[in-house]
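What follows is a short report on a single structure.
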Amino acid sequence: NRHSIEVPMSCLDAIPAMFDYLYDTTNDKVNVTAETAVSLRHLATLFGNRSLFDSATDFIQQDLSSETAITYLLHSDLFRQKKLSNVCINICAQEFHALKIRSLAMLPPYLMERILYSKHFRGDDRYNNAVCAKVAAYCRCQETNIDGRMLLALTDFRVMPEICPEEALFFIKFMIALGMDLKDDSEKDPHNLSNGGRMLYERCVDAASSVVSGVIDSLCHTNGLLPPDIGDSTRMPTVYTRKNKMISADYSQLPSQVKV
């Protein structure tokens, strides 16, 4: 009798290490890395090899940290290893301020949401502006995968108490691009969930006042509408940094009624 087991393509990188472990009698240690550990656990489960599963698990326990948690989170989510996934979520939440955006950008939005709403999330006053900047950077990277509901979840006051002025215009532009209704309908139905968009918009408007003034001054100077000694130099320097160019671009792309 022949038996077959279907192995996912995502396990291919781990198969050589599994074969070495099973058939190399001179070596009783599995050649495992952060990229293959979860796959090896999955293969061990498929083939009923407890020692391979334990070896991969031992490696994960020693290797798991804030630097590797996102890698393990992606793989554990792929192979539906819920216990490991929950551990990774907790580590990412506890060490959110230390996570690199290039790593966060690999996460699908629903995993980012799980991190922000974890009970272990550290969103205290020391990191409020950093949380906003990191969420905005993440949204830029995942812009095509984020809808209105997800944007409101990622920017909710409970996880992002403050909106940093430098990112306020980006969030407004993003809401408009998503076609979110920014009208104030709270008097008609104060419990309407669509009012979340209006609340985020108002928070962004409050935060954006200083940078908008600076952008207008800078654009006026650039276009020769103001002499160089006019304008509040504390708002935004005429010599643009990369960040200031992004802010100016965000402002320029807003509809005229929103600019006003």
Side-chain angles (χ1 to χ4, degrees), residues 8 10-11 13-14 32-45 53-164 166-167 170-171 174 178 196 200 203:
S10 49
C11 288
D13 290 342
V32 59
T33 68
E35 295 292 338
T36 61
V38 180
S39 300
L40 282 169
R41 287 189 3 148
H42 182 73
L43 289 171
T45 301
F53 185 92
D54 290 342
S55 295
T57 300
D58 289 342
F59 177 85
I60 293 173
Q61 290 174 343
Q62 296 177 31
D63 189 56
L64 187 54
S65 67
S66 60
E67 295 181 357
T68 60
I70 288 180
T71 297
Y72 286 118
L73 175 57
L74 286 167
H75 292 178
S76 60
D77 182 66
L78 176 64
F79 292 107
R80 299 180 181 178
Q81 298 185 15
K82 293 183 179 180
K83 186 178 293 186
L84 177 58
S85 176
N86 290 337
V87 171
C88 293
I89 288 290
N90 292 343
I91 292 176
C92 290
Q94 288 174 334
E95 302 296 329
F96 187 78
H97 61 284
L99 300 179
K100 305 295 184 183
I101 187 59
R102 64 176 177 269
S103 298
L104 276 174
M106 297 188 296
L107 294 175
Y110 68 88
L111 289 180
M112 182 67 161
E113 183 180 18
R114 284 186 61 193
I115 290 173
L116 293 178
Y117 284 86
S118 166
K119 64 181 181 181
H120 299 280
F121 178 67
R122 295 180 62 180
D124 56 41
D125 293 338
R126 292 174 294 170
Y127 305 121
N128 279 343
N129 284 335
V131 169
C132 176
K134 196 164 287 187
V135 169
Y138 174 81
C139 289
R140 286 186 173 95
C141 295
Q142 288 283 341
E143 197 163 349
T144 58
N145 298 318
I146 294 175
D147 59 14
R149 187 208 69 80
M150 182 59 70
L151 178 62
L152 293 181
L154 298 180
T155 57
D156 189 272
F157 184 85
R158 291 169 292 175
V159 297
M160 199 174 78
E162 293 181 8
I163 294 180
C164 45
E166 296 81 5
E167 302 296 353
F170 164 72
F171 285 125
F174 196 6
L178 291 173
L200 176 58
R203 292 175 63 204

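Positions are given from 1, in the same order as the sequence printed here.
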Under 3.5 Å, is there a donor-acceptor pair between the side chain of Lys134 and the main chain of Leu104? no

Establish, from distance only, whether the side-chain atoms of Thr68 and Thr71 form a donor-acceptor pair under 3.5 Å. no

Student check: side-chain heavy atoms of Arg114 and Ser85 closer than 4.5 Å: yes

Thr57 side, atom OG1; Leu64 side, atom CG - distance, nearest 0.5 Å: 11.5 Å

Phe121 and Val159 have their tightest heavy-atom pair at CE2-O, 3.6 Å

Rounded distance [0.5 Å steps], CD in Glu113 versus CG in Leu107: 12.5 Å

In this structure, are over 12 heavy atoms from other groups packed under 6.0 Å from Gln142 atom CD? yes

Using 0.5 Å steps for rounding, measure from the CE atom of Met106 to the SG atom of Cys141. 11.0 Å

Rounding to 0.5 Å, atoms OH (Tyr110) and CE (Met150) come to a distance of 10.0 Å

Can you tell me how far SG of Cys88 sits from CD1 of Ile60, rounded to the nearest 0.5 angstrom? 8.0 Å

So, for Phe174 and Phe170, is the gap between ring centers shorter than 6.0 Å? yes

Report the C-alpha separation of Arg203 and Thr155 in whole Å, then their side-chain angles, then the decisive distance to 0.1 Å, and conclude whether the side-chain hydrogen bond (donor to acceptor under 3.5 Å, both in side chains) test is met. CA-CA 10 Å; Arg203 292 175 63 204; Thr155 57; 5.4 Å; no

Which atoms form the tightest heavy-atom contact between Cys92 and Ile115, and what is the distance? CB-CD1, 3.6 Å

Taking all non-hydrogen atoms of both residues, which atom of Pro108 and which atom of Leu74 are closest, and how far apart? CD-CD2, 3.9 Å

Would you say the side chain of Ile89 lies within less than 4.5 Å of the side chain of His120, judging by non-hydrogen atoms? no

Ile163 versus Cys132, closest heavy-atom pair with distance: CA-SG, 3.8 Å

His75 vs Glu35, side chain to side chain contact (heavy atoms under 4.5 Å, CB included): CA-CA, chis, key distance, verdict: CA-CA 8 Å; His75 292 178; Glu35 295 292 338; 3.4 Å; yes

Side chain proximity check, His42 to Leu78, heavy atoms < 4.5 angstrom: no

I'd like to know if the side chain of Tyr117 and the backbone of Ala153 have a donor-acceptor N/O pair within less than 3.5 Å. yes

Do Val38 and Gln81 touch side chain to side chain, with heavy atoms closer than 4.5 Å? yes

Looking only at heavy atoms, what is the nearest atom pair of Phe59 and Ala34, with distance? CE2-N, 3.6 Å

Look up atom CG in Asp156 and atom CG in Leu151, then write down how far apart they are to the nearest 0.5 Å. 11.0 Å

What heavy-atom pair brings Tyr138 and Ile101 nearest, and what distance separates the two atoms? N-CD1, 3.6 Å

Evaluate the criterion side chain to side chain contact (heavy atoms under 4.5 Å, CB included) for residue pair Ser39 and Asp13; output intermediate values, then yes/no. CA-CA 8 Å; Ser39 300; Asp13 290 342; over 6 Å; no

